[in-house]
Engineer: 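Take a look at this one; I'll ask things after.
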Protein chains: 2
Amino acid sequence: MPESHQAFVCSSDHQHCIDEALTAAKQLCRDKQLRLTPVRELVLRLIWQSHKPLGAYDLLPALAKAGFNSAPPTVYRALEFLQEQGLVHRLASLNAYMGCNHPGTSHSGCFFICEECHQALEIEASPLQTTLQRHAEELNFSITRETIEVLGVCPECQQQKAQSHA
Amino acid sequence: MPESHQAFVCSSDHQHCIDEALTAAKQLCRDKQLRLTPVRELVLRLIWQSHKPLGAYDLLPALAKAGFNSAPPTVYRALEFLQEQGLVHRLASLNAYMGCNHPGTSHSGCFFICEECHQALEIEASPLQTTLQRHAEELNFSITRETIEVLGVCPECQQQKAQSHA
DNA sequence: AAATTTGAGTTATAATATAACAAATCCTCT
DNA sequence: AGAGGATTTGTTATATTATAACTCAAATTT
Ligand SMILES: [Zn+2]
Ligand SMILES: [Zn+2]
Ligand SMILES: [Zn+2]
Ligand SMILES: [Zn+2]
């Protein structure tokens, strides 16, 4: 199992990603007069610390370690809050959660998920959304939310597979 | 709650849809030398009978009524088989299953799901797939499977909502 | 400070899905 | 037709993901 990659999800210093995400979240909550409580902040941090989307139950041990109640409702509430504020996304095809790359803007997101290393990347996919919107207009369908999750193999894992077959 | 619509998912005679789907499935299995056993056929029929995607557990009572074992593995196995043969799709955002509109061709499908009447429509979305493929190429990402599920309001339900607000 | 709102702790349970093994059925080959 | 092997189904148990309902604590408002 390949474990550590850089380029697909994060080009270099991941601690920087985490710090930036946390700062942005704090700012966003300040602006909206919402409370980024300790549990919520921890959950957001844990999610950002992983390059792989995490399941709700994956977060519980860390919550326990930090002295919080580690029953499911605690983490689901935090996740619900973070999702409502657009700070994390839920990946329906994985039952897992990941930090949002560009919070603040309300959007559904488009995700590429590597089936080898399980890392996931969110992209801004305006052309895609436009195409989808055209389809919807043809049907007279009014879009509320989109779930776009692409499973496949990331560049790093493709390379690794190619080498191992050589 | 609006319950009965026609145009969005099926223009007129739904029994015809069901019959056609079953015939196609039988033909496909004959061609591939696979066994469309009674359970599998019943599950496929049940799924096609509903305009709304059905959860696995929704199927169990009908299986019991028909004299089959109605424990979860039975229905999940049938669903697995039908999915593998491209006869049904699983909607990740709903944990539900629906019949495929154009089986035989291997594809991931693009689904429009009405949040009012819960009906769902599968479309062939070549432009969408092309756009997604372009995004993937930019990332050097090799696509295995796509999950595209669009939640919103179907034309019929839009109309109904507009009338009720009048 | 009292009242109100919001968030978190706690217990229990719902909803969805799979593991593992036994029994039955079907297919192939003689 | 019958033995042997493969596939399918039955059965029991359990894993995984998510929510309901109620209580208590903390924060915010009045
Ligand atoms: Zn996002
Ligand atoms: Zn990878
Ligand atoms: Zn299809
Ligand atoms: Zn509708």
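Numbers restart at 1 for each chain; the letters A, B, ... are given by sequence-line order, proteins then strands. Everything numeric here is computed off the predicted structure, so don't read it as measured data.
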Engineer: Would you indicate what Phe81(B) reaches in the nucleic acid, counting non-hydrogen atoms under 4.0 angstrom: base, sugar-phosphate, or nothing?
Structural biologist: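 No contact.
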Engineer: Nearest-nucleotide wise, let me know which of Asp58(B) and Ala71(A) is further upstream toward the 5' end of DNA chain C.
Structural biologist: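 The residue mapped nearer the 5' terminus is Ala71(A).
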Engineer: To the nearest angstrom, how far is Leu60(A) atom CG from dA8(C) atom P?
Structural biologist: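 About 15 Å, once rounded to whole Å.
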Engineer: Quick one: Leu34(B) CG to dC26(C) P, roughly how many Å, whole number?
Structural biologist: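 Checked: the CG to P distance equals 16 Å.
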Engineer: Under 4.0 Å between any heavy atoms, over every strand shown, what does Asn69(B) touch: base, sugar-phosphate, or nothing? Just pick one.
Structural biologist: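 Base contact.
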Engineer: My understanding is that only one of Thr147(B), Ile113(B), Val150(B) makes a side-chain contact (heavy atoms from CB on, under 4.5 Å) with Ser93(B); could you say which?
Structural biologist: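 Exactly one candidate clears the test, Ile113(B).
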Engineer: For the side chain of Tyr57(B) and the base of dA14(C), is some donor closer than 3.5 Å to an acceptor across the two?
Structural biologist: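 Check fails, no donor-acceptor contact within cut-off.
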Engineer: Identify, between Tyr97(B) and Ala78(A), the residue whose nearest nucleotide on DNA chain C lies closer to the 5' end.
Structural biologist: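 It is Ala78(A) whose nearest nucleotide is closer to the 5' end.
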Engineer: When the distance from CD of Gln33(A) to C1' of dA27(D) is rounded to whole Å, what number comes out?
Structural biologist: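 Rounded to the whole Å, the gap is 14 Å.
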Engineer: Whole Å only: how far is the CG atom of Asn95(B) from the P atom of dA14(C)?
Structural biologist: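 Going from CG in Asn95(B) over to P in dA14(C) covers 18 Å.
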Engineer: How close or far is atom C1' of dT6(C) from atom CG of Leu36(A), stated in whole angstroms?
Structural biologist: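 Taking atom C1' of dT6(C) as the reference, CG of Leu36(A) is at 15 Å.
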Engineer: Send over the distance from Leu59(A) CG to dA18(D) P, rounded to a whole Å.
Structural biologist: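 For the pair Leu59(A) CG and dA18(D) P, the rounded distance is 11 Å.
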Engineer: I'd like to know if Tyr76(A) reaches the base of dA20(D) with its side chain, counting only an N/O donor and acceptor under 3.5 Å.
Structural biologist: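 No pair found.
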Engineer: Any base atoms under 4.0 Å from Arg77(A), or only sugar-phosphate, or nothing? Heavy atoms, all strands.
Structural biologist: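 The answer is base, as Arg77(A) lies within the cut-off (heavy atoms under 4.0 Å) of a base atom.
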Engineer: Could you state the CG-C1' distance from Leu63(A) to dG7(C), rounded to the nearest angstrom?
Structural biologist: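 Checked: the CG to C1' distance equals 14 Å.
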Engineer: 5'-most contact on DNA chain D: Arg35(A) or Thr74(B), nearest heavy atom basis?
Structural biologist: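 Of the two residues, Thr74(B) wins.
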Engineer: Take atom CZ of Arg90(B) and atom P of dT17(D), then tell me their distance rounded to the nearest Å.
Structural biologist: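 So the two atoms are 12 Å apart, to the nearest Å.
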Engineer: Just verifying a value: how many Å separate Phe112(A) CZ and Ile143(B) CD1, rounded to the nearest 0.5 Å?
Structural biologist: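 Between atom CZ of Phe112(A) and atom CD1 of Ile143(B) there are 5.5 Å.
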Engineer: Using atom types as modelled and distance alone, determine if a side-chain donor or acceptor of Ser164(B) lies under 3.5 Å from a backbone N or O of Lys161(B).
Structural biologist: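 Side chain of Ser164(B) to backbone of Lys161(B): a pair is present.
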Engineer: Is the ring pair Tyr97(B)/Tyr76(B) parallel, tilted or perpendicular, if the boundaries are 30 and 60 degrees?
Structural biologist: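 Tyr97(B) vs Tyr76(B) ring planes: perpendicular.
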Engineer: To the side chain of Pro73(A), which of dG10(D), dT19(D), dA8(C) is closest?
Structural biologist: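 So the side chain of Pro73(A) is nearest to dT19(D).
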Engineer: Looking at Lys26(A) and Glu41(A), does any basic side-chain N land under 4.0 Å from a carboxylate oxygen?
Structural biologist: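 Here Lys26(A) pairs with Glu41(A) in a salt bridge, since their nearest N and O are under 4.0 Å apart.
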